[in-house]
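One structure is given below, encoded as structure tokens.
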Amino acid sequence: CSSDLRRASLVAANRQRRAARRLIRTSISRTRTAAIMTSSKTRPSSDVLLGDLMLLHPKLIDLSLGRVERLLAKLGHPEKKLPPVVHIAGTNGKGSITAYLRSFMEAAGKRVHVYTSPHLVRFHERIVLAGPDGTARAIDEDSLVDVLMRVQAVNDGEDITQFEITTAAAFLAFSETPADILLLEVGLGGRLDATNVISDPALTIITPISMDHAEKLGPTITKIASEKAGILKNGVEGVISQQSNEVLSVIEARARAVGAQLTIFGRDFDAYEQTGRLVVQRHERLLDLPLPALVGRHQIGNAGTAVAAALVLGERIPALKLDEKAIEIGLRTVEWPARMQRLSSGPLPAILGEEAELWLDGGHNPAAGDVIADTLAALDEKSPKPVYLVVGMMGQKDALGFLAPFRGLVRAIYTVPIPGANEAPHTQEDLAETARVAGMQATDRENVIDALNTIAALPKGPKRVLICGSLYLAGHVLALQQQS
């Protein structure tokens with residue numbers, strides 16, 4: 001009897017807590033709604049609104065489609081009023097392939113919307129709107145506040161994660177701004193990601209899949225692949241980057257189950273470097289192109305996948321067919337921050353001095369460690385310099401797996417915390433110990449500037465320094481770079 005009473009008491013207490021939380025959320029929602037009618041001077045900032053939206057659901061990540069589907073229905077289904085959508089999932093390379101496709105399309109004069117996550121410095125970077133002049137730009141503050149307040153008002157305090165409600169806001173913004181194409185990057189996984197409410201994309205792309213986010217997607221590579229293959233749709237072509245045989249089998253099984261056609265790297269198209277050029281071959285067509293502006297051997301595969309995707313898309317939608325000149329220009333002019341990005345000027349390179357190179361990469365899983373280490377090795381072949389790493393990582397990431405590829409390549413590692421991370425990062429002390437376990441010299445530092453000052457104090461001479469391990473850390477670095 002006593003256990004029944006305790007159980008009943010707990011149930012009642014939980015109901016009271018849920019009711020109180022709902023009351024608070026509804027009050028916040030209605031307060032913000034009322035503010036819409038006031039002057040812009042009294043409207044909350046996007047930072048305040050985004051903070052409010054964090055209160056709508058107790059979990060940062062809770063994969064589901066039901067909540068966002070409910071909200072989109074209340075908004076009049078903006079996800080059904082979008083330009084042709086290219087839906088992109090995978091573990092590594094999503095951002096690079098998105099950047100290539102945007103660059104190709106803009107070189108051809110197409111108006112492009114882009115949705116990516118996470119952001120580096122400002123949330124606005126996630127929602128990039130096509131401009132009337134043909135150049136896409138991050139959503140401005142007034143427009144972001146407007147769509148956030150509108151979706152918050154319609155949601156009316158209901159349970160929904162911040163990513164879900166901001167995805168709905170992005171769809172609202174995209175639906176109200178003319179464009180020729182929307183490049184839509186999955187947030188996490190695919191099958192239950194909020195972006196997967198798009199039922200009829202023009203094209204899907206799956207980039208290389210490896211172990212990451214196992215706590216959310218599953219403990220095995222096949223389970224993770226199954227989640228990411230969830231974006232494949234009946235009658236929609238899927239362009240598939242290089243995959244292990246194990247992963248490819250999962251993707252092919254999913255394609256058969258839903259009736260999706262596949263264009264697969266190594267079977268239906270190929271990409272390789274030859275005499276300083278990028279060669280992409282699809283069926284009987286062979287394109288001789290410039291090497292991509294993004295650094296690293298892995299970018300050959302990313303660029304090749306983007307070219308193949310552009311060719312397939314043009315076959316499906318004639319209005320989006322690109323000529324080879326647009327692809328060439330796009331490869332030369334593509335930009336994607338924090339992916340082997342050279343920081344040549346600004347306050348952080350100034351700390352190291354003129355003889356040093358400073359690079360930045362947001363890669364954070366073992367597969368990313370492999371490709372970053374390979375890129376550093378390639379740089380060393382062309383121009384040998386002592387290599388030092390400044391590393392910060394989120395707590396759920398496989399730090400040992402990420403760091404192991406750098407053994408024998410770097411002189412020393414300096415580990416740092418990640419300011420402002422929304423989840424617990426590895427402490428710099430634990431991360432340094434992990435690097436030592438991996439067989440490398442490592443020292444923890446208080447912050448990035450402290451680490452760079454330590455490297456600058458080493459004996460004079462050329463140095464190559466890479467800051468890496470986290471997109472959150474990369475965003476912090478770029479914010480420091482913007483400070484005068």
Where do W359 and Q341 land on the side chain to side chain contact (heavy atoms under 4.5 Å, CB included) test, with the steps shown first? CA-CA 6 Å; W359 297 80; Q341 178 184 2; over 6 Å; no
I'd like to know whether T116 forms a side chain to side chain contact (heavy atoms under 4.5 Å, CB included) with L184, so could you lay out the CA-CA distance, the side-chain angles of the two residues, the decisive distance to 0.1 Å, and finally the verdict. CA-CA 7 Å; T116 59; L184 182 67; over 6 Å; no
Assess whether side chain to side chain donor-acceptor pair (under 3.5 Å) is satisfied between S226 and R191, documenting all intermediate values. CA-CA 8 Å; S226 178; R191 181 177 65 92; 5.9 Å; no
Would I205 and I97 count as a side chain to side chain contact (heavy atoms under 4.5 Å, CB included) if you check the C-alpha gap in whole Å, the side-chain angles of each, and the deciding distance to 0.1 Å? CA-CA 9 Å; I205 300 173; I97 289 172; 4.2 Å; yes
Show the numbers, then the answer: is there a side chain to side chain contact (heavy atoms under 4.5 Å, CB included) between I372 and F402? CA-CA 10 Å; I372 296 169; F402 176 80; 4.1 Å; yes
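Contact check for R464 versus D380: side-chain heavy atoms found under the 4.5 Å cut-off. Contact of the M394 side chain with the I418 side chain is registered, since non-hydrogen atoms from C-beta on lie closer than 4.5 Å. In this structure, the side chains of I221 and E246 come closer than 4.5 Å at one or more pairs of heavy atoms. A heavy-atom distance below 4.5 Å is not found between the side chains of T91 and T207. The shortest distance between side-chain heavy atoms of D200 and V85 does not fall below 4.5 Å. Two residues are said to be in side-chain contact when any heavy atoms from C-beta on lie closer than 4.5 Å; N155 and V151 fail this criterion. Within the 4.5 Å cutoff, side-chain heavy atoms of P347 are placed close to those of Q481. In this structure, L466 and V387 have side chains that are not in contact, with every pair of non-hydrogen atoms separated by 4.5 Å or more.
Of the possible polar contacts, none joining the D430 side chain to the H426 backbone as a donor-acceptor pair under 3.5 Å is found. Panel note: side chain T166, backbone F163; a donor-acceptor pair is recorded below 3.5 Å. Side-chain N or O atoms of Q152 include none that pairs as donor or acceptor with a backbone N or O of L53 at under 3.5 Å. R339 places a side-chain N or O within 3.5 Å of a backbone atom of P337 that can act as its donor or acceptor partner. The closest donor-acceptor contact from the side chain of T375 to the backbone of G296 lies at 3.5 Å or more, if one exists at all. Panel note: side chain H87, backbone T204; no donor-acceptor pair is recorded below 3.5 Å. S103 places a side-chain N or O within donor-acceptor distance of the main-chain N or O of G330, the cut-off being under 3.5 Å. Using a distance-only test at 3.5 Å, with no hydrogens or angles considered, no donor-acceptor pair links the side chain of D444 to the main chain of E429. At distances below 3.5 Å, at least one donor-acceptor pair connects side-chain atoms of R277 with backbone N or O atoms of D288. For the pair Q162 (side chain) and D52 (backbone), a donor-acceptor distance under 3.5 Å is absent.
Side-chain contact check for D398 and N365: no donor-acceptor pair (N or O, by modelled atom type) lies under 3.5 Å. There is a side-chain donor-acceptor pair under 3.5 Å between Y100 and Q299. For E164 and T161, the side-chain atoms include at least one donor-acceptor pair closer than 3.5 Å. In summary, the side chains of N196 and K233 do present a donor paired with an acceptor at a separation below 3.5 Å, with no hydrogens or angles considered. Side-chain contact, S241 with T305: a donor N or O sits under 3.5 Å from an acceptor N or O. Side-chain contact, S45 with D47: no donor N or O sits under 3.5 Å from an acceptor N or O. Judged by distance alone, the side chains of D374 and H298 never bring a donor and an acceptor atom under 3.5 Å apart. Using a 3.5 Å distance cut-off with no hydrogens or angles, the side chains of E141 and H124 do pair a donor with an acceptor.
Using cut-offs of 30° and 60° on the angle between ring planes, the pair Y388 and Y414 is tilted. Ring geometry for F265 versus F269: interplanar angle over 60°, hence perpendicular rather than tilted (30 to 60°).
How far CG of L294 is from CG of L331: 9.0 Å, rounded to the nearest 0.5 Å. Separating the CG atom in D193 from the OG1 atom in T167 is a distance of 7.0 Å, to the nearest 0.5 Å. A distance of 13.0 Å separates CG of L65 from CZ of R70, quoted to the nearest 0.5 Å. Atom CG of L358 and atom CG of L452 lie 6.0 Å apart (nearest 0.5 Å). The CG atom of L129 lies 8.0 Å from the CG atom of D140; values are rounded to the nearest 0.5 Å. Going from atom OG of S210 over to atom CD of Q243 covers 9.0 Å, rounded to the nearest 0.5 Å.
The minimum heavy-atom distance between V112 and V114, with the atom names listed, is CG1-CG2, 3.9 Å. Between G190 and I231, the shortest heavy-atom contact is CA-CG2, 3.8 Å. Across all their heavy atoms, F174 and V128 have their closest contact at CE2-O, 3.5 Å. I209 approaches G90 most closely through the heavy-atom pair CG1-CA, 4.3 Å. For G189 against A89, the heavy-atom pair with the smallest separation is O-CB, 4.0 Å. The minimum heavy-atom distance linking T98 with E185 is given by the pair OG1-OE1, 3.9 Å.
Under the side-chain contact (heavy atoms from CB on, under 4.5 Å) rule, D268 has a single partner from T263, V239, L262, V312, which is T263.
Residues E125 and R122 are not paired through a salt bridge, judged by the lack of any N-O separation under 4.0 Å between the basic side chain and the carboxylate. Electrostatic pairing of R297 and E381 counts as a salt bridge here, judged by a charged N lying under 4.0 Å from a carboxylate O. Contact check on E357 versus K463 returns no salt bridge, with no Lys/Arg side-chain nitrogen under 4.0 Å from an Asp/Glu carboxylate oxygen. Between R102 and E106, at least one side-chain N (NZ, or NE/NH1/NH2) sits under 4.0 Å from a carboxylate O, which counts as a salt bridge. With respect to the salt-bridge test (charged N to carboxylate O, under 4.0 angstrom), the residues R282 and D270 do not qualify.
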